Structures are given as structure tokens and as C-alpha cells.
Amino acid sequence: MPELPEVETTRRGIAPHVEGRVITEVIVRQARLRVPVPADLVERLVGARIGTLARRAKYLLVPLEGEAPGTLLWHLGMSGSLRLTRLGELPKKHDHLDLVLGDGAILRYHDPRRFGFVDWLAGSTQQDARLARLGPEPLSPAFDGERLHRLSRGRRLAVKPFLMDNAVVVGVGNIYAAEALFLAGIDPRRAAGRISRGRYDRLARAVREVLVAAITQGGTTLRDFVGGTGEPGYFKQRLNVYGRDGEPCRRCGAELRLVTLGQRASVFCGHCQT
DNA sequence: ATATTACCCTGGAGGC
DNA sequence: TGCCTCCAGGGTAATA
């Protein structure tokens, strides 16, 4: 499940193999993704040169240089992955899209649940509504306890869905929201507006800590992943609460509890998180 | 305005 | 063994 760390490690993993290459062929096997693959995608891409890859939130941005410059906006959804393969390597089930590059490499998109998408942006990426309304990157200076405190005043929403709101901060999904709240010792059910500045400072640090740790782990997995042999599970052994309901808290031994917040399973320690 | 819910989709897990 | 239901996930739109 691609969270921000996996999108980032995907970007780092594929960048050296795709940047500067020319797209010679585009194969669309399944156009019905979360957003339909644009009908003119193939003609726009063939002949274009790939620029420097970027990431914004969980979006991968692929700039394309050529007669009609633009940017691919790529989201891996929940089950999507990108890997490099070679001409002659037969596609497997759910391999929806291939970008064939001039040197015979193929950037192949795989997504069983099709929650991801590839879209084409002709103009500035900032003009796209999906990007324009995003909050700051969690690893940037613009994200801190002061921001969390300020935006949460008067909000009765539980702090966990508040933290997962992309207008507040991007890239914090269900897994890392739960983990950060555990590290910060905050009960995920607590109303966002009733948490002190000091506790938000600690939460912002916890978000950074867990994402940086996961990116480090994801990097290891990605080498295999990009090479085509690896599978998810990269950060699993480090999780304190996510997916561990009923098991003992690693800090105090109390049985971890499961509640639903904003339609999302939320595991926490009723003793360590207040 | 904020808060909540439904929906897109498939596969894996668990119950029977 | 197979059928059934439920759940997972991010983001957007619709509704309360």
C-alpha cells in the first residue's frame, strides 16, 4: 500500500532509469482507472523526453519535454506500483500501462484495485485543483506544531482524521497517522481543537520521525521492488499499533484497542495514549 | 462552515 | 471445495 514513503522511494528508484529518456511507445491495456486514462495520452507522450521526477504528497510528477510540454500526474492509489522491466517481458494481470523507453526499458504500471490513475496536465501543475489545495509536505518547515494547533482551533473532529486531512498536511495516511499518534502519546479519538500547542509540537515531530524511518526502510525494499522481485511489508516489523489490535502494547503491555474514526480502523493504546 | 457518508475496485481472509 | 461477506486503502463528491 503506497503511502508517502513508498511513493518517494519509487521516485528515487526509477528516476535514474527514466530521466532524460525518450518515450517511444505507450501501451494502455486498461484505461478505466480511478480517473480514466486520457484518450490522447498516447499521442501526447510518444516522442516526449522525461524530465526530472518530482513528488507532491502521494502524487508522482513526471515532466515531459518536447513539442507539447506537460506533466504526468500519477497516483498509485492503494495497490499501485511502478517497476522497470524490459522489452519482451510479458505483462501480468493488472499491468495496465507501459511506457516504453528508447533504450528498451519499460516503466510498467501495475494496480489490482485500480484506485490509482495517470492524468495529463498541459499547463502549470499549480493550476490543477488536486494539487492547488494541498497543505504542506510533512517533511518541510511549513509543517509544525504551530500549524496543527492553529488549524485545529474550534474543530471537534477527532485528531486522527484531522491529521489525515490533506489540507492540513499531506501524505499522512491511516498507517502513519496511527503510528505518529502512538509516538506522541495522543488518544486518536480526542477532539483536534482540544489538544495543546505542546502536544501538537510533539505530534509534528512524531509524524516526521515515522515518515523518515519508513522512507529509510522503503528504500531497502524498493531496490527489490524496482528490480521486480520484492513485495510489500517493508515497514511492518516497525509498526507499534497499526494492525495490532488485541496484541500487547510494546511500551506498557496493555491490550491495544480498535475503534473506527472517519470510517478508518484506528488502533491505539488506552494506557499510553491520552 | 464543519462533519459524516458513499463510492470507486479487487483480492485476501474468515465463516459456513 | 466453494460461496458469501467483510475489510483494506486515498481522495473526491455528495449529503447532513
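In this text the structure is predicted, and so the values were computed from the model without any measurement. Each chain gets a letter, A, B and so on, in the order the sequences are listed, and its residues count up from 1. Just the heavy atoms: all of them, side chains too, but no hydrogens, waters or symmetry mates, feed the values below.
One atom, CG of L33(A), and another, P of dC8(B), lie 15 Å apart when rounded to the nearest Å. Taking atom CG of residue L261(A) and atom P of nucleotide dA3(B), one finds them 13 Å apart after rounding to whole Å.
Residues R147(A) and R150(A) have side chains in contact (heavy-atom distance under 4.5 Å, counting atoms from C-beta outward). Considering only heavy atoms from C-beta on, P38(A) comes within 4.5 Å of D119(A) through its side chain.
A donor-acceptor contact shorter than 3.5 Å links the side chain of S196(A) to the backbone of R199(A). Remark: side-chain polar atoms of T24(A) are paired, donor with acceptor, to backbone N or O of V100(A) under 3.5 angstrom. A donor-acceptor pair under 3.5 Å is absent between the side-chain atoms of R130(A) and the main chain of L73(A), judged by distance alone.
Within a 6.0 Å sphere centred on CZ of R32(A), heavy atoms belonging to other residues, nucleotides or ligands number 12 at most. R194(A) CZ: 12 or fewer foreign heavy atoms inside a 6.0 Å radius.
Residue H94(A) places at least one side-chain N or O under 4.0 Å from the OP1 or OP2 atom of dG11(B). One finds no side-chain N or O of K93(A) lying less than 4.0 angstrom from the OP1 or OP2 phosphate oxygen of dT10(B).
Taking the C1' atoms of five terminal pairs at each end of the helix from dT2(B)-dA16(C) to dC16(B)-dG2(C), the two resulting helix axes are inclined by 50°, rounded to 10°.
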- Which letters describe nucleotides 10-16 of chain C, given B = protein heavy atom under 4.0 Å from base, S = only from sugar-phosphate, - = neither? BBS----
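Side-chain proximity of A265(A) to the nucleotides dT10(B), dA8(C), dT2(B) is greatest for dA8(C).
Ring-plane geometry between H75(A) and F117(A) is classed as parallel, the angle between the planes falling under 30 degrees on a 0 to 90 degree scale with a further cut at 60.
The base of dA8(C) sits within donor-acceptor range of the side chain of R113(A), with an N or O pair under 3.5 Å.
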